[in-house]
Amino acid sequence: MNIDHIKETYIAESSELLQQMESILLEIEGGEPVDKSINELFRAVHTIKGTSGIFGFQTIVDFTHIVENLLDNVREGKITLIGDSISLLLECRDHISDLVELVASDSPLSDEKRKTGILLVDRLQEILNPGNTPKVKAEIQTEQTQKNELPKKSIQLPYYYISLRFYKDVLKNGLDPYSFIKYLKQIGNIKNLVTVTSQIPSLEDLDPEECYVGFEILLESTADKTTVENVFEFLQSDSVLKIFKPNPDIEEFVDFIRNFSEDTNSIRNLLTAFTEFPESSVEEIIALTKKPPEKAFVEEVLLPENEDISMYVIPKVGESLPSLESLSQHIETAGSLKQNNESQEGQFEEKKGRDISKDQSKSIRIEAEKLDHLINLVGELVIAGSNISQLSVKNGDPEITESSYIMSRLIAEIRDSALRIRMVQIGSTFTRFQRVVRDIGMELNKEIRLNINGGETELDKTVIEKIADPLMHIVRNAIDHGIEKSEERLQNGKPAYGNIWFNAYHDTGSIVIEVKDDGKGFSKEKILAKAIEKGLASPGQNLNDKEIYDFVFSAGFSTADQITNISGRGVGLDVVKGNIESLRGTVAVESKEGEGTTFRIRLPLTLAIIDGFLVKVRTNSYVIPLDMVVECIETDEEQTSTMSRRNCINLRGELLPFVRITDLFAFKMGESEANIRNNIVVVQWGGKKAGLLVDRLFGEIQTVIKPLGRIFDHLKGVSGSTILGSGEVALILDIPSLLTIAQIAEFNMLENTLK
Amino acid sequence: MDLEVEIAESDRGKLAKLTGELNIYHCGTAKEIFLTLMERNSPIILNLENISAIDTSGVQLLIAMKKDASDKKIPLSFEKHSDSVLRIIDLYGLTGFFADKISLKSGERQKYSFQYGLKSHPEKPI
């Protein structure tokens, strides 16, 4: 399997876990009992740590490790999660997310991010060891001040400096350093190499199967540090490796070399053997090594952001190489960081394994592309299927007709389940806003609760992806302008905290998403005044509520008195409207001043295939989306002609406006007109009902939407085309825009009659 | 192939010719051979002509022997280094440490770098 593939899975999985982490944290903040979800939280962090480890993303591992420690203490009841620590954990989540993104984009860790990490670790440590702030903190601080105040001084050495020491058993383990060092030549040129022989005992005492030598190497190479490190990958558990990048920081190098030997003479000998070191640096290094160390060396291992963790310790000359056990003891006792977790690890590993297998049996990850291909094929199948059923009807053979019916039914089922694969619950999109609401609310000092209804409503994945941005705009608006500050709310007799409701439900073949707030609502007068000011309306114009509210979707329209950094620039709602319309949806706003605002977004369930109702007008075929068809009625010429000029009929005592497709698309009156029956298809959209006057009805048809070319982008009344089984092209009528057209036409007519 | 040794006396000292592999599999044998050679304080010349393979453990033994010899003031030299011996000595920068005369056949020079570790520094152990 391709490693990029695995990495993609890793990134997807991590993002999911981080999402999960966020919602759990927000739930806890919202008052959910901690003990219920802490295990889930721990597991999320633990899994991220584990998988990051597999990929060798050490920075993520180190950071998540400390977060995990904190959560572990929470689980054991040693620490309680309160507001501050939840905020901290949320920040940690963001940091992990940033780190994962860096991995995704293959970019290096910036200094800023590194600092963020260090500061977060600092705060985590504060909680883990209150009062007893460990040395790590002090170290980080000294390191920071060093970083901030002193410019880094480096040694002018254009080569990698590699220091290699082995545990005694390396040779017995079948590993010969010779081959690894030889391999270095593949990635560069060995400028200089010193074999450290001082540890070799006399021949008498020497165990010929043990390794006593060490190497100090200068490597000239253009490869990156990881590549160099990877050369020694197999030696990892049998050796201590330290690699300095070209032009190493002098202080770091001194820290390292100090441990090479207590005797400055042997350091001098080593450095003079390396003629590549500039003489001035050698003197400086030796001078610096004579100063007492500022920080204990082993503790450096604990620096969470230090990439070189496990392989840093260089034995002092005169001591034999440390055994692995004593080394790890050393690390263990040097700080409390590593201790906490080990015991739980095993027990959790097992649990995790079980959970993963459970999850795996529940869902499979599929590339979106494969799915798109399947949907495409299903679309073609639908067309081919309706072709066959038309032919069978024409043919008249009852057996074939019956078979084709069965096939049509199966195709419909295949289509439905294929489309259902793409359906995703909108809930996760909603919960993402918990964080937005919380953060912006805090920023503006408003207490706001987000209430979610209908999160289980399913919607096409592509639609869900595209709806997040418009929702964000609306929510930001609601928080910034809609919801008042607590004092103001209390004065107005509202609860101190504001509410935002997300609501999703199905309604006649579409999904409705409502975003409602109980803020101050839109001021009709303000909108109207602004509209008149902008020239969108004339002062004397009589407009109904809906029309007035629709002005807020005009470009550059803002009634905000103050522009904030969250919203109010008048950019937004027009974009929101555009985005939603590009999804074949509509958006409307309802508001009551002082009580709140509701944004109602109506979206089609899916974008690819529709159930349609085929009609014919003269020789042209049209498809009306079946979800919008309420009923079909036959009218006689007499009735339509008497009502004709008013374009309204009496439908069971109800006044139903209708549109003549012939008029709308400007058909010429044919000779055969007299014989044509008049059928009215009653359609409904967003609470409005209207009739479409057509010639012939053909009934239900399943069809694939083929988009019209870009030329027709602004064509009103038609939303797409489709190819019928017979090969004929039919236009799909865009009912919402047809209704608007009809409405406008009616107004014009009314105005004319009034004149 | 096992490691064998032929020992002969010459006017220059004890002449030992090693044949075989001087690696982890035979370093136990080699250690015994070297200890025997060092028993008497007479000069030793180690012929490495027939060393077909050598690894870190082998080099380590040669270094230990050289160090012991210099402690005990026993003249010890290696001669007629085989290709594999030269390669590892070259890579490990031990040419200067052993300070032996190395004779190369014509055209063989470019097989080795002899770029570093050429200076003799027995009084400065690293």
Side-chain angles (χ1 to χ4, degrees), chain A residues 159 164 166 168-185 189-220 260-261 263 265-276 317-318, chain B residues 3 22-39 53-72 74 76 84-85 87-98 112-126:
Chain A
Y159 313 115
L164 199 54
F166 308 97
K168 284 184 171 174
D169 286 342
V170 61
L171 301 174
K172 283 182 199 162
N173 292 343
L175 297 164
D176 187 353
Y178 184 31
S179 35
F180 295 96
I181 294 169
K182 252 197 293 195
Y183 185 77
L184 273 184
K185 292 207 238 171
N189 177 21
I190 298 174
K191 278 311 267 194
N192 205 337
L193 183 150
V194 169
T195 305
V196 180
T197 57
S198 51
Q199 303 294 314
I200 302 179
S202 71
L203 205 48
E204 193 95 42
D205 301 329
L206 179 143
D207 178 343
E209 292 188 347
E210 282 184 1
C211 185
Y212 304 92
V213 291
F215 300 96
E216 306 289 319
I217 306 165
L218 289 184
L219 178 76
E220 178 184 41
F260 176 80
S261 169
D263 175 12
N265 275 336
S266 51
I267 294 177
R268 186 184 292 274
N269 288 344
L270 172 74
L271 293 180
T272 43
F274 285 134
T275 47
E276 289 80 0
V317 170
Chain B
L3 184 70
L22 188 56
N23 56 18
I24 183 94
Y25 306 107
H26 307 295
C27 53
T29 324
K31 179 186 167 182
E32 295 313 312
I33 293 171
F34 292 169
L35 279 174
T36 328
L37 285 172
M38 301 274 284
E39 262 168 18
I54 182 167
D55 64 5
T56 306
S57 64
V59 173
Q60 201 170 263
L61 273 175
L62 292 180
I63 298 169
M65 190 182 181
K66 189 82 180 178
K67 277 167 74 171
D68 276 15
S70 92
D71 284 351
K72 293 179 185 165
I74 304 173
L76 166 70
S84 43
V85 174
R87 278 177 193 274
I88 200 166
I89 287 179
D90 179 34
L91 184 71
Y92 281 4
L94 293 167
T95 327
F97 173 80
F98 289 128
Y112 318 102
S113 76
F114 292 124
Q115 208 182 337
Y116 49 82
L118 302 174
K119 255 196 262 168
S120 176
H121 51 84
E123 76 287 355
K124 292 194 235 166
I126 295 170

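Note on naming: letters A, B, ... go to the chains in the order of the sequence lines (proteins, then strands), and numbering restarts at 1 for each one. Just so you know, these numbers come straight off a predicted model, no measurement behind them.
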Problem set entry | Nearest-0.5 Å distance, OG of residue Ser57(B) to CD of residue Glu209(A) |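 Here the rounded value is 8.0 Å.
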Seminar exercise, completed: CG of Leu206(A) to NZ of Lys67(B), rounded to nearest 0.5 Å, is 9.5 Å
Exercise. Checking Glu210(A) against chain B: side chain, backbone, both or neither under 4.5 Å from a heavy atom?
Worked result: backbone
Problem set entry | Part of Lys185(A) within contact of chain B (heavy atom distance under 4.5 Å) | side chain
Problem set entry | Region of Asp55(B) in contact with chain A, defined by heavy-atom distances below 4.5 Å |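 When you check distances to chain A, atoms from both the backbone and side chain of Asp55(B) fall under 4.5 Å.
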Exercise. Considering only heavy atoms, which portion of Ile24(B) lies under 4.5 Å from any heavy atom of chain A: side chain, backbone, both, or neither?
Worked result: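 Contact with chain A involves both backbone and side-chain atoms of Ile24(B).
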Exercise. What closest approach, in Å, do Pro208(A) and Cys27(B) show between heavy atoms, and which atom pair accounts for it?
Worked result: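 Closest heavy-atom pair between Pro208(A) and Cys27(B): O-SG, 3.4 Å.
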Exercise. With chain A, which of Asn23(B), Asp68(B), Leu94(B), Ile63(B) has the greatest number of heavy-atom pairs at distances under 4.5 Å?
Worked result: Asp68(B)
Seminar exercise, completed: Counting heavy-atom pairs under 4.5 Å with chain A, the top scorer among Met38(B), Met65(B), Arg87(B), Lys31(B) is Lys31(B)
Problem set entry | Check: Gln60(B) side chain, Ile200(A) main-chain N or O, donor-acceptor pair, under 3.5 Å |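 Side chain of Gln60(B) to backbone of Ile200(A), a donor-acceptor pair under 3.5 Å: no, none is there.
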For this session: May I ask you to decide if Phe215(A)'s main-chain N or O and Tyr92(B)'s side chain share a donor-acceptor pair within less than 3.5 Å?
Result: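 Pair absent, no side-chain N/O of Tyr92(B) close to backbone of Phe215(A).
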Exercise. Who passes ring pair (Phe, Tyr, Trp, His ring centres under 6.0 Å) against Tyr25(B), sequence neighbours left out?
Worked result: none
Problem set entry | Contact check, side chains of Ile190(A) and Tyr116(B), non-hydrogen atoms, under 4.5 Å |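 Yes; the side chains approach each other to less than 4.5 Å.
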For this session: Give a yes-or-no answer on whether the side chains of Asp176(A) and Thr56(B) include a donor-acceptor pair shorter than 3.5 Å.
Result: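 Judged by distance alone, the side chains do pair up.
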